[in-house]
Number of protein chains: 2
Amino acid sequence: MRRTPVGRQTRARGIPEATVARLPLYLRALTALSERSVPTVSSEELAAAAGVNSAKLRKDFSYLGSYGTRGVGYDVEYLVYQISRELGLTQDWPVVIVGIGNLGHALANYGGFASRGFRVAALLDADPAVVGSSAAGLPVRHMDELESIVESQQVSIGVITTPPGAAQQVCDRLVEAGVTSILNFAPTVLTVPDGVDVRKVDLSIELQILAFHEQRKAGEEPEDEREEEPAPSRAANPVRAAAAKLRRAAGGSAKPEAKPEKTDKAQKSAAGNDHERPAVMPA
Amino acid sequence: MRRTPVGRQTRARGIPEATVARLPLYLRALTALSERSVPTVSSEELAAAAGVNSAKLRKDFSYLGSYGTRGVGYDVEYLVYQISRELGLTQDWPVVIVGIGNLGHALANYGGFASRGFRVAALLDADPAVVGSSAAGLPVRHMDELESIVESQQVSIGVITTPPGAAQQVCDRLVEAGVTSILNFAPTVLTVPDGVDVRKVDLSIELQILAFHEQRKAGEEPEDEREEEPAPSRAANPVRAAAAKLRRAAGGSAKPEAKPEKTDKAQKSAAGNDHERPAVMPA
DNA sequence: ATGCGTTTGTGAACGTGTGCACAAAGATGG
DNA sequence: CCATCTTTGTGCACACGTTCACAAACGCAT
Ligand SMILES: NC(=O)c1ccc[n+]([C@@H]2O[C@H](COP(=O)([O-])OP(=O)(O)OC[C@H]3O[C@@H](n4cnc5c(N)ncnc54)[C@H](O)[C@@H]3O)[C@@H](O)[C@H]2O)c1
Ligand SMILES: NC(=O)c1ccc[n+]([C@@H]2O[C@H](COP(=O)([O-])OP(=O)(O)OC[C@H]3O[C@@H](n4cnc5c(N)ncnc54)[C@H](O)[C@@H]3O)[C@@H](O)[C@H]2O)c1
């Protein structure tokens, strides 16, 4: 019997988000084992292949059920099936890609797309110069066809690879057409109604995070293996003093009222538990 | 031998990782405000623009110091500077991209690269047919030049866009050459020595996570109406509701809570959905 | 059957992240 | 100067995630 701890309703079913994010990782490792006809695998081995802690892996699997055999390990084929089923990969997921520029082209050509049940239903663009060309054997169709495509092919996942300025607009249109999951490559904060999932892939953010750690490594490590430039004046830390000065210089007479097109403070509306548009447009 | 993949050593004076990951988001919103010459911004406004909770934003900023003014908010320019400095964006970060195929080309052409101090130092590939061509005005150079480029240009960040099979090998070579931060687009678990940071961008994983939630959305509710959350904003979107119903009617599946017995395994052919995929391709 | 070595599944401790709520700090107006 | 209003900075409680450690379960040999 499944014993589900009740008491809170945050997650409908008890698979933690962190676990869900790791299941594809396990699945990939298991698929590789399956191709080599490995019959069973221990949590230790599989965890090593997936680059995670073995206890974490076992706990993750425990959310799916008791699929292992003590003293032996996990049946590879069976686990592949169970994870696939849990992730919803036993069915086909048609996907539309909107914005067939540099990145959209690359994604359209990406073989790993179809390998897990994700099928490119259509490539869409708004530029007449792009519409009509083809990418990866698929024709690029005009945005006007979005609604009919989404409906006829039951598309529930959309990928946005348009410039940032068009992303929210494209997103709105996708949602309106019936798409309920969006993968956003544009560096924009998307606002969507409840029930729609958005995940973002942001190269710039990843690089900035790397830069942060890189700077820390360079600045705090006493040992210096290779010769670097003479430590670019890492502004010491009299920042508080500079703060007042800078604030004073910037302040002067400038006030929020200088903004003509927005009634800036009017939309405070504290009790906001619903999602509305951001107060200021991100770019 | 392999040590712990990533030695997460929490520094005493460290900024939480979750905060670091959000700083670029704040920075982007602040930059947009700066371009519009907005002098100050409250945590509420900025949080809305960045799509986060305002208390979280304030706590994030509190790790950087007390840079706000009570009753007023934060000075935009000053905060841009502080976050940039904290992230290490006040200096230039040369980057090499290895594997100039579909994705490598797109990245090379990406304007957002240079906009934050990340400069493409070189494009590298192993294929003689690709070497010598150019992408985004930069010549594609041969892997043999990697070491000299990394050393002469002080490259500490490498981007891997090779096929999965070559990723670990390329990674090893990057590390050997002196690169200490890697952004990996190949669906591979990279093993690196201590002191080297790896971040990955994995389209396939993102899609699978979306598919999981999508499946849940489609399968967890009874046919009639759902009554699970107190969110009142429900009837405001008839189109989406209709789309969901249509989709539900098309592909129900998603057996609710079919607890499988452990004894009868090897039921992988039981997926009588669309068509059975052996899942053999590397994602 | 019994014992032994192996490995799972999970309780429990611990660490990290989130969000509420509010006192304190500063601006603003009188 | 004081009163009032706005917004920050943070204590606190709780939710979530990670890791340890070990009893129970299982295969296998005797
Ligand atoms: N190229 C990269 O490597 C890369 C990396 C990270 C993020 N991004 C982001 O991905 C997005 C796309 O980048 P790109 O380099 O491919 O840009 P791009 O300019 O090459 O392509 C954008 C495409 O979107 C189309 N488009 C514009 N407005 C549209 C609309 N309203 N509806 C439909 N289509 C529309 C354009 O016609 C164009 O074909 C950008 O937001 C960029 O910031 C790109
Ligand atoms: N194309 C996409 O949209 C996309 C999306 C997600 C992930 N990925 C992943 O990104 C990677 C690249 O994808 P792609 O579509 O650009 O592939 P691709 O085949 O078009 O390009 C790969 C490039 O890497 C080069 N290469 C191969 N081995 C190398 C080596 N040892 N050293 C240096 N260069 C080498 C090849 O010559 C080729 O130019 C793959 O791992 C893929 O799984 C791609």
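Both backbone and side-chain heavy atoms feed into the values below; hydrogens, waters and symmetry mates do not. Order of the sequence lines sets the chain letters (A, B, ...), proteins ahead of strands, with each chain counted from 1.
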Hey, are Tyr78(B) and Gln82(B) close enough side-chain-wise for a donor-acceptor pair under 3.5 Å?
-> yes
Mind checking what makes side chain to side chain contact (heavy atoms under 4.5 Å, CB included) contact with Thr40(A), not counting sequence neighbours?
-> Val72(A)
Side-chain N or O of Asn53(A) closer than 4.0 Å to phosphate OP1/OP2 of dC20(D) = yes
For Asn53(A), side-chain hydrogen bond (donor to acceptor under 3.5 Å, both in side chains) partners two or more places apart = none
With sequence neighbours excluded, give me every ring-ring contact (aromatic ring centres under 6.0 Å, His included) pair touching residues 39-59 of chain A.
-> none
Could you tell me the separation between the CG atom of Asp75(B) and the P atom of dT8(D), rounded to a whole number of Å?
-> 13 Å
For DNA chain D, whose closest nucleotide is more 5', that of Ser62(B) or that of Arg22(A)?
-> Ser62(B)
Between dG9(C), dT18(D), dC20(C), which one does the side chain of Ala18(A) approach most closely?
-> dT18(D)
Out of dA12(C), dG19(C), dT18(C), minimum distance to the side chain of Lys59(A) belongs to dA12(C)
Apply side-chain contact (heavy atoms from CB on, under 4.5 Å) to the pair Arg116(A) and Leu27(A), showing each step before the final yes or no.
-> CA-CA 10 Å; Arg116(A) 293 246 175 268; Leu27(A) 183 56; 4.1 Å; yes
dT18(D) P sits how many Å from Asp60(A) CG, rounded?
-> 8 Å
Detail all sub-3.5 Å separations between protein N/O atoms and N/O atoms belonging to nucleotides 3-7 of chain C.
from, atom 1, to, atom 2, distance (Å)
dT7(C), O4', Gly71(A), N, 3.0

Applying side chain to side chain contact (heavy atoms under 4.5 Å, CB included), name anything that partners Ala29(A), two or more places apart in sequence or on another chain.
-> Leu46(A), Ala49(A)
To the nearest Å, how far apart are Glu17(A) CD and dT16(C) P?
-> 21 Å
Looking at residues at least two apart in the chain, or sitting in another chain, which of them share a salt bridge (Lys or Arg N to Asp or Glu O under 4.0 Å) with Arg22(A)?
-> Asp60(A)
Atom-to-atom span, NZ of Lys56(B) to C1' of dT18(C) - whole angstrom | 6 Å
By salt bridge (Lys or Arg N to Asp or Glu O under 4.0 Å), which residues pair with Arg70(B), not counting sequence neighbours?
-> none
Please give, in whole Å, the distance from dT8(D) P to Leu57(B) CG?
-> 8 Å
Return the value, rounded to whole Å, for the distance between atom CD of Glu44(A) and atom C1' of dA21(D).
-> 13 Å
Kindly write out the residues that satisfy side-chain hydrogen bond (donor to acceptor under 3.5 Å, both in side chains) with Thr188(B), not counting sequence neighbours, or none if the list is empty.
-> none
Axis-to-axis angle across the helix from dA1(C)-dT30(D) to dG30(C)-dC1(D), five pairs each end, nearest 10 degrees, ~ 0°
